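Keep in mind that this is a model prediction, so the values were computed, not measured. One-based numbering, in listed order, for ligands and for the atoms of each.
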Amino acid sequence: MNETLMQYFEWYLDENHELWNDLSRDAEHLAHMGVTMVWMPPAYKGNGGGYDVGYGVYDHYDLGEFCSKGSVETKYGSKEEYLESIKALHTQGIRVLADIVLNHMMGGDQTEHTRAVNVQGHNRMQHDGDYYDVQVWTRFTFPERNNKYSDFEWNASHFTGTDFDQNNGQNHILKFEGKEWSDRVSNEQGNFDYIMGNDIDFSVPEVVEELYRWGIWYTDISGVDGFRLDAIKSIDARFYLGWLKKMKEYGNHPEFAVGEYWSADTNELVQYLKDSGHCMLLFDVPLHYRLSQISTNAQGSDLRKVFDGTLAQREPEYACVFSDNHDTQPGQALYSWVDDWFKPISYTLLLLRDCKYPCVFYGDLYGIPHDQKQPVPNLEKMIWIRKNLLSGDIVDFNDDDPHKTCWLAPGEHPVIVIASIGDWKSRRIDDLSLANRTFVDINWPDHKVVTDENGTADFTCPEGNVTVYILEEDYRTMMKALNE
Ligand code: CA
C-alpha cells in the first residue's frame with residue numbers, strides 16, 4: 001500500500017471552530033483521492049482559547065469541553081465534533097495522527113513565588129547574574145475542569161524554566177533554582193531544552209507519570225492511530241521510546257509516529273533516530289530545505305541530485321518527506337516556502353518516486369487565502385496516481401543535463417515523469433514493456449504520446465514545469481474516480 005499523509009491544517013485557517021466538521025465532510029473525498037493518514041492539529045485547549053492554533057497548550061485534558069480561556073470550543077471545534085471527525089475518517093479507512101505537544105504549557109491559573117536566574121538567549125548554558133526572587137505563572141489548577149479526568153495540578157517544581165517574571169514585568173528566559181536543562185536535547189543555542197512558556201521537566205517522576213496517564217486517557221478516548229510529535233529536539237530523547245511503547249497497548253494500538261526534529265543537518269537526525277531507538281520516523285527537514293533552495297536558485301541547482309544527503313536517502317524507512325508545513329508557510333517562524341512554480345515538481349518527487357511516507361500540506365492542496373496562495377495544480381491527481389497506479393522500482397532516465405530529471409515507475413500501470421527547472425525539455429524513453437501504448441499528459445489530456453513497437457517515444461516538458469504521463473485508460477479511470 002502506498003501511504004500518503006495529509007497535514008489537515010495551515011496556520012491561518014478561519015477562526016470559525018469548524019475544522020473538525022469540515023474534516024468530517026471531507027473524509028470521503030480524501031479517501032477517494034488516496035489519502036491514507038490524516039495529521040490533525042493539536043486538539044486540546046491552548047492559552048489563546050478559541051483562537052489558539054494549538055501549540056500554546058494550556059490543558060491537555062480539555063478537547064473543547066470546558067469553558068476555559070474564554071471558550072468551550074478550541075479553534076477547530078468541540079470535543080464531540082473532534083471525536084466525530086475521527087470516526088468519519090475511520091469509516092473511510094483513513095488513519096488518524098494526533099499532534100502531541102508536551103514540551104511546554106502556557107497560561108497558568110495562578111502565580112507562584114520562587115527563585116530563578118536569567119539565561120542568555122543564545123547560550124542557554126550561560127547565566128547572567130545570580131538567582132533572585134521571581135513571580136511566575138506556573139500554577140495550573142484547571143478550575144473549570146474541576147478535577148475531571150485527572151486531579152493533577154502543576155506547579156513550578158514540574159517545570160525547568162519559564163520566560164516571564166510578574167515582579168518586574170520582563171520577558172526573559174528564566175531557569176529555576178535547583179534545576180538544569182536536560183542534557184538529552186539539541187545543543188542549538190547551547191542547549192535547546194527551552195522554547196517557550198513553562199518548560200516541562202521530564203526528570204520529575206510525577207510529571208512523567210502524569211504524561212503517561214494523560215496519554216492513555218487520550219489514546220483511549222480519541223481512538224487515534226498514531227502521533228505527530230512536536231518539538232522533540234527540546235524534549236529528553238529517552239522519553240518517547242517508553243511513552244510510545246505504552247500507548248501501543250491502548251485505544252487502537254497506535255503504531256505510527258513521526259517526530260518534528262527541526263534541523264537541516266541529516267547527521268543530527270540520523271543520530272536522533274539511533275538515540276531514540278528508531279521508535280519514530282522524522283520529518284525530512286534537509287529535503288524540505290533542498291526543495292526550497294532549488295525553488296529560489298534553479299540555475300545553480302541539479303535536479304538529478306535532489307535526494308543526495310537527505311534523510312530519505314540515508315534512512316528511507318524513517319523519513320517523512322514534505323514540501324511545506326504550518327511553520328514554513330509565509331508569515332511563520334521557520335519561513336522557507338518552496339516557491340509556487342516549483343511546487344508541482346516537488347510533489348512529483350515526493351509522491352511519484354520511492355518515498356515511503358510523503359506528507360501533503362493542507363495549504364498546498366486547498367490554498368492559503370491569507371497569502372493569496374492557490375492550490376498546487378494537479379496535486380489531487382498525483383495523490384490518486386500514487387495510490388492507484390504507482391508500483392515497481394523506479395527507473396531513472398537522467399543524462400548530462402542538471403536541469404532535467406525523468407523517471408519511469410514501471411508495472412501494469414506505468415507512470416512517466418519529466419521535470420524541468422530550465423527551458424523546454426525532451427527525453428527519449430526506450431522500454432519494451434511500454435510497446436504500443438498511448439500515454440496522456442495529466443496537465444493537458446489532449447497531449448498524447450504513443451510508443452512504437454519497441455516501446456520508444458519522446459516525452460516532453462515545458463520550461464520550469466513537470467509533466468506526468470499515464471496510460472489513456474488509466475486517465476479515464478482517474479477522472480471518473482475523482483469526479484465521483
Ligand atoms: Ca523542553
Side-chain angles (χ1 to χ4, degrees), residues 42 44 46-47 52-60 99-108 112 114 116-127 134 136-140 152 154-165 171-212 214-215 227-244 257-263 268-269 271-273 275-276 279-280 282-283 285 327 333-334:
Y44 18 85
N47 188 30
D52 203 300
V53 172
Y55 297 99
V57 183
Y58 164 67
D59 183 2
H60 289 96
D99 203 324
I100 303 296
V101 187
L102 297 185
N103 178 66
H104 52 266
M105 291 168 64
M106 298 171 99
E112 292 178 285
T114 184
V117 68
N118 288 345
V119 171
Q120 290 181 5
H122 294 297
N123 184 356
R124 282 83 183 276
M125 298 307 279
Q126 290 293 322
H127 303 171
V134 294
V136 289
W137 291 89
T138 43
R139 184 107 175 94
F140 290 79
F152 189 85
W154 298 75
N155 61 56
S157 74
H158 301 131
F159 303 107
T160 313
T162 189
D163 66 351
F164 181 71
D165 177 9
N171 283 95
H172 201 294
I173 302 179
L174 296 165
K175 190 180 65 151
F176 298 140
E177 196 166 50
K179 295 282 188 174
E180 292 302 333
W181 305 122
S182 168
D183 55 6
R184 291 181 177 80
V185 296
S186 160
N187 59 13
E188 195 175 318
Q189 319 279 18
N191 177 297
F192 214 62
D193 196 353
Y194 190 84
I195 314 177
M196 63 175 94
N198 300 306
D199 188 64
I200 292 179
D201 184 351
F202 287 80
S203 71
V204 178
E206 64 188 82
V207 164
V208 173
E209 274 169 34
E210 170 61 9
L211 296 178
Y212 271 65
W214 170 75
F227 307 102
R228 179 268 182 189
L229 308 172
D230 185 61
I232 55 171
K233 76 174 175 183
S234 301
I235 292 175
D236 190 311
R238 292 168 305 187
F239 174 74
Y240 272 120
L241 180 61
W243 192 86
L244 289 169
V258 53
E260 180 218 17
Y261 193 109
W262 198 265
S263 168
E268 208 177 338
L269 302 185
Q271 187 61 46
Y272 186 85
L273 286 174
D275 292 346
S276 62
C279 67
M280 65 178 84
L282 295 178
F283 286 109
V285 178
D327 286 325
L334 301 168

J.: Is it true that some N/O/S atom of Thr160, main chain or side chain, lies under 3.0 Å from the Ca ion (ligand 1)?
T.: no
J.: Do His158 and Phe152 have their ring centres less than 6.0 Å from each other?
T.: yes
J.: Can we say Lys175 and Glu180 salt-bridge, meaning some charged N sits less than 4.0 Å from an Asp/Glu carboxylate O?
T.: yes
J.: Of all the heavy-atom pairs spanning Pro42 and Gly54, show the shortest one and how long it is.
T.: CB-O, 3.3 Å
J.: Strictly under 3.0 Å, is the Ca ion (ligand 1) approached by any N, O or S atom of Ser182?
T.: no
J.: Check whether the ring centres of Phe202 and Trp243 lie less than 6.0 Å apart, and answer yes or no.
T.: no
J.: Can you tell me the N, O or S atom of Asp199 that's nearest the Ca ion (ligand 1)?
T.: OD1
J.: From the Ca ion (ligand 1) out to just under 3.0 Å, does an N/O/S atom of Asp193 turn up?
T.: yes
